[in-house]
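First up is the structure itself, then whatever we jot down about it.
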Amino acid sequence: MSGTATTLSRKARREEAHRKLRQRKIMTTAVFVIGFMLVVWAVYTVVSIQQRNKAALDYTAADIVYDKPIQASHEMGAGAAIPFLPRNQPQPAVLAPEKFYDFGQVGPQDVVEREF
């Protein structure tokens with residue numbers, strides 16, 4: 001044997017090969033476990049989001065109205081008199097020429113408007 005270079009015995013080489021194999025098995029197992037946990041987390045996240053979205057749109061047949069007009073109302077009340085009109089005089093009334101307007105099919109999140 002010369003200098004710092006030494007040769008390993010056959011037994012030492014075999015033990016080194018077994019040690020490397022054990023390390024590879026441990027690393028493979030760790031990568032598999034972490035990958036499996038990530039997949040489980042991703043599936044859980046997707047399912048929980050889908051259930052949350054479904055719960056927001058989960059209607060029963062009793063919640064849906066077919067072939068009946070929906071009557072809309074406002075909560076503005078009578079309101080105050082218009083300041084530049086005489087208080088003793090009748091205030092103007094609003095007259096909508098249409099009593100009914102069909103918006104067609106409207107989704108639960110849709111906002112519809114109509115000017116009269």
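Not a single side chain to side chain contact (heavy atoms under 4.5 Å, CB included) links Val111 to another residue, sequence neighbours left out. Remark: Arg10 pairs with no residue by the salt bridge (Lys or Arg N to Asp or Glu O under 4.0 Å) rule, at least two apart or across chains.
Annotation for Glu113 and Phe103: closest pair O-CE2, 3.4 Å, computed over non-hydrogen atoms.
Pairs passing the side-chain hydrogen bond (donor to acceptor under 3.5 Å, both in side chains) check and including a residue from residues 19-40, sequence neighbours excluded, read Glu16-Arg19, Arg19-Gln23.
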